[in-house]
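Naming convention: chains lettered A, B, ... in sequence-line order (proteins, then strands); numbering from 1 in each chain.
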Amino acid sequence: MGLRVYNTMSGKKEEFQPRVPGKVGMYVCGVTVYDYCHIGHARANIVFDVIYRYLQFSGYETTYVRNYTDVDDKIINRANERGISSKELAEEFITAFDEDMDALGLVRPTHEPRATEYIDKIVEICQILIDKGFAYASSGDVYYRVDKFDNYLQLSKRNMEEMQAGARIAPGEQKENPMDFALWKGAKPGEPSWESPWGDGRPGWHIECSAMSSSLLGDSFDIHGGGRDLIFPHHENEIAQSEGASGKPFVKYWLHNGFVNVDQEKMSKSLGNFFTIRDILNTYDAEVIRFFILSAQYRSPIDFSDQNLAEAQSGLRRFYEAFESAEAATEGIDLRDLDREEGAKVEAKFHEAMDDDFNTALAIAHLFDGVRTMNRLVAIKKFRKKTELVAQVRDLHATILRLGEVLGLYRSQPTEWLEKVKLAGLKKLEITGEEIVDLIEQRLQARSGKDFARGDEIRGELEARGILLLDTREGTNWRLK
RNA sequence: GGCCCCGUCGCCAAGUGGUAAGGCAGAGGUCUGCAACACCUUUAUCAGCAGUUCGAAUCUGCUCGGGGCCUCCA
């Protein structure tokens, strides 16, 4: 069975059949660049990064578009507060966004358009919508006439009467209907603006996505993604604009990721439980964050907490330790053929999980199974002499790494990663690496004189301070407890 | 008030009609001078109630609990 995806429009999982066989067009709403990104942005972007990677892995030639919203009220306000131009502010946070996403190991989308690069297209769409009666100009603004679009609210499954009860007209807006939304906003003094048939102004929030997606992917395309919170009004309005203007079906599959909660509560600035990606990266390894996010299905809410991150780190460490030992165990052995059996099993399971609406949690579980198999084989007596076992392990190892690549995981050198995490953890303890090494040396002395009592004393002392000693053939190593 | 989602082992988390994956933590064991890693074994009837069905965590209804959207928001 092939890929199945949960479509917000139908509320069900559907068989994924791109409009053009073998090719996929995907648009994901990016960020408004007025501040640093938070863990919620990290989730959305990681999720769609994995979806993009998996589509390609599955053989689809995929065009992935993710925009920057670089003109908006929030940007204007923030720029004014800081006494810089909107453009400067936007540039600053576009750079910050790119840095954050690179740090999290995301691949770059095919296109990363900016709203301000598509003003002509935006004006064009506004004009078409006016010509077709879907929109009207009103004292310098242009509004969408939602009554005209029959399928309005189909995505968010709301009804117009109830919505209207809560809708308000903001001061200065000249709408026919409170539900109508702005396509073009007349410029107020000091705001960035562009020329248009309705006077100088700037685009409304939703229209830019219609303009960028149609320019880069066409009027109709396969996947449109974003956070759940974008379903209404953003995506609903995009549909109204794009289908109103083109007269064609806009998007085939609507995918929406769930939220990140913090300690069971919604993350919000007012609650003060707001974490930026940069803050988090000071405490946690980027791959741990990725592992944490992918350990849940993308539509479920996920709870960001120290305990959950610590667990993610333990889980990821299991992988890296297995890679390290597999590498060591198979090092320097010449093999002609690889045994593909175990690796193929893991790969089939992985595919099956990912085909079911990108179930990364289940996919990772199958990779854990692969790790166990690998560890089991390596532990067999005289492993290095049994080339068929070595072949199995090599293949499993390579397979897990290759599949991990789809999730953006296991990209570090095992020893380096383990060392990095270890040293980061050490910062929280009241002991230095030098002290530990020194004590290990003392213990070695004691043990070489068969003074095991003193040796155990040192082990106990270190353990009390959060350090575990590991005796290996090559000598004594340590790790955090 | 309207609409939507969720409630699975101590914690995280799969499973959407055929008899409960995986990880973390815990217990016992093998290995180890000791320990750690690894490996083996072990721990749930699925919020509650009532239905549909030969059979339900999976479908329906109700109750309880949690969350989201309806204003900007990933």
Side chain of [X] only, please: which of [options] is the nearest?
{"X": "A:Glu321", "options": "B:rC69, B:rC39, B:rC37", "value": "B:rC37"}
{"X": "A:Asp229", "options": "B:rC34, B:rA36, B:rC69", "value": "B:rC69"}
{"X": "A:Pro233", "options": "B:rG2, B:rC72, B:rG23", "value": "B:rC72"}

Are any of the side-chain nitrogens in [X] or [Y] under 4.0 Å away from the carboxylate oxygens of its partner?
{"X": "A:Lys74", "Y": "A:Asp72", "answer": "yes"}
{"X": "A:Lys185", "Y": "A:Glu191", "answer": "no"}
{"X": "A:Lys188", "Y": "A:Asp73", "answer": "no"}
{"X": "A:Glu112", "Y": "A:Arg66", "answer": "yes"}

Using a heavy-atom cut-off of under 4.0 Å over every strand shown, decide if [X] touches base, sugar-phosphate, or nothing.
{"X": "A:Ala44", "answer": "sugar-phosphate"}
{"X": "A:Asp369", "answer": "sugar-phosphate"}
{"X": "A:His38", "answer": "base"}
{"X": "A:Val260", "answer": "base"}
{"X": "A:Phe259", "answer": "base"}
{"X": "A:Gly40", "answer": "base"}

Q: Could I get the full list of side-chain contact (heavy atoms from CB on, under 4.5 Å) partners for A:Arg299, not counting sequence neighbours?
A: A:Tyr6, A:Lys13, A:Gln297, A:Asp357
Using atom [atom1] in both nucleotides, what's the gap between [N] and [M] to the nearest angstrom?
{"N": "B:rC24", "M": "B:rC37", "atom1": "C1'", "answer": "16 Å"}
{"N": "B:rG61", "M": "B:rG26", "atom1": "C1'", "answer": "40 Å"}
{"N": "B:rA38", "M": "B:rG23", "atom1": "C1'", "answer": "16 Å"}
{"N": "B:rA57", "M": "B:rC49", "atom1": "P", "answer": "13 Å"}

[N] [atom2] sits how many Å from [X] [atom1], rounded?
{"X": "A:Phe383", "N": "B:rC39", "atom1": "CZ", "atom2": "P", "result": "14 Å"}
{"X": "A:Ile467", "N": "B:rA36", "atom1": "CD1", "atom2": "P", "result": "15 Å"}
{"X": "A:Leu470", "N": "B:rC34", "atom1": "CG", "atom2": "P", "result": "16 Å"}
{"X": "A:Phe319", "N": "B:rA38", "atom1": "CZ", "atom2": "C1'", "result": "15 Å"}
{"X": "A:Leu309", "N": "B:rG23", "atom1": "CG", "atom2": "C1'", "result": "15 Å"}
{"X": "A:Leu469", "N": "B:rC37", "atom1": "CG", "atom2": "P", "result": "13 Å"}
{"X": "A:Arg66", "N": "B:rA74", "atom1": "CZ", "atom2": "C1'", "result": "12 Å"}
{"X": "A:Glu352", "N": "B:rA21", "atom1": "CD", "atom2": "C1'", "result": "12 Å"}

For [N], give its Watson-Crick or G-U wobble partner with both distances under 3.5 Å, or none.
{"N": "B:rU58", "answer": "none"}
{"N": "B:rG7", "answer": "B:rC64"}
{"N": "B:rG1", "answer": "B:rC70"}
{"N": "B:rU19", "answer": "none"}
{"N": "B:rC39", "answer": "B:rG29"}

Q. Does A:Asn261 or A:Arg228 map to a spot on RNA chain B nearer the 5' end, using the closest nucleotide for each?
A. A:Arg228
Q.
Judged by each residue's nearest nucleotide on RNA chain B, which is more toward the 5′ side, A:His234 or A:Lys157?
A. A:Lys157
Q: Give, ordered by number, those residues of residues 442-457 of chain A having at least one heavy-atom distance below 4.0 Å to an atom of RNA chain B; if nothing qualifies, reply none.
A: A:Arg443, A:Arg447, A:Phe452, A:Asp456
Q: List in numerical order all residues of residues 371-379 of chain A for which some heavy atom is under 4.0 Å away from an atom belonging to RNA chain B.
A: A:Arg372, A:Asn375, A:Arg376
Taking the six-membered ring for Trp and the full ring for Phe, Tyr or His, determine whether the centres of [X] and [Y] are under 6.0 Å apart.
{"X": "A:Tyr36", "Y": "A:Phe97", "value": "no"}
{"X": "A:His224", "Y": "A:Tyr253", "value": "no"}
{"X": "A:His206", "Y": "A:His235", "value": "no"}

Q | No-hydrogen, no-angle side-chain donor-acceptor test under 3.5 Å, A:Asp306 and A:Tyr284 | A | yes
(Q) Tell me whether A:Lys422 forms a cation-pi arrangement with A:Trp478, defined as NZ or CZ under 6.0 Å from the six-membered ring centre and within 45 degrees of its axis. (A) yes
Q | Presence of A:Arg318 side-chain N/O under 4.0 Å of B:rC39 phosphate oxygens OP1/OP2 | A | yes
Identify each donor-acceptor pair in which a side-chain atom of residues 365-375 of chain A lies under 3.5 Å from a protein atom, sequence neighbours left out, and give them as a table.
{"from": "A:Thr373", "atom 1": "OG1", "to": "A:Asp369", "atom 2": "O", "distance (Å)": "3.0"}

Q: Classify the side chain of A:Arg459 and the base of B:rA35 as holding, or not holding, a donor-acceptor pair under 3.5 Å.
A: yes
Between N or O atoms, less than 3.5 Å apart, protein on one side and nucleotides 11-17 of chain B on the other: list the pairs.
{"from": "B:rC11", "atom 1": "O2'", "to": "A:Gln307", "atom 2": "NE2", "distance (Å)": "3.2"}
{"from": "B:rC11", "atom 1": "O2", "to": "A:Glu311", "atom 2": "OE2", "distance (Å)": "3.3"}
{"from": "B:rA14", "atom 1": "OP1", "to": "A:Gln297", "atom 2": "N", "distance (Å)": "2.6"}
{"from": "B:rA14", "atom 1": "O3'", "to": "A:Asn359", "atom 2": "ND2", "distance (Å)": "2.8"}
{"from": "B:rG15", "atom 1": "OP1", "to": "A:Asn359", "atom 2": "ND2", "distance (Å)": "2.9"}

Q: Taking ring-ring contact (aromatic ring centres under 6.0 Å, His included) as the test, write out the residues that go with A:His397, two or more places apart.
A: A:Phe323
Q. Counting N and O atoms only, with roles assigned by atom type, does the side chain of A:Arg158 sit under 3.5 Å from a partner on the main chain of A:Leu153, one being a donor and the other an acceptor?
A. no
**Q.** Mutual orientation of the aromatic rings belonging to A:His38 and A:Phe274 [parallel < 30°, tilted 30-60°, perpendicular > 60°]
**A.** perpendicular
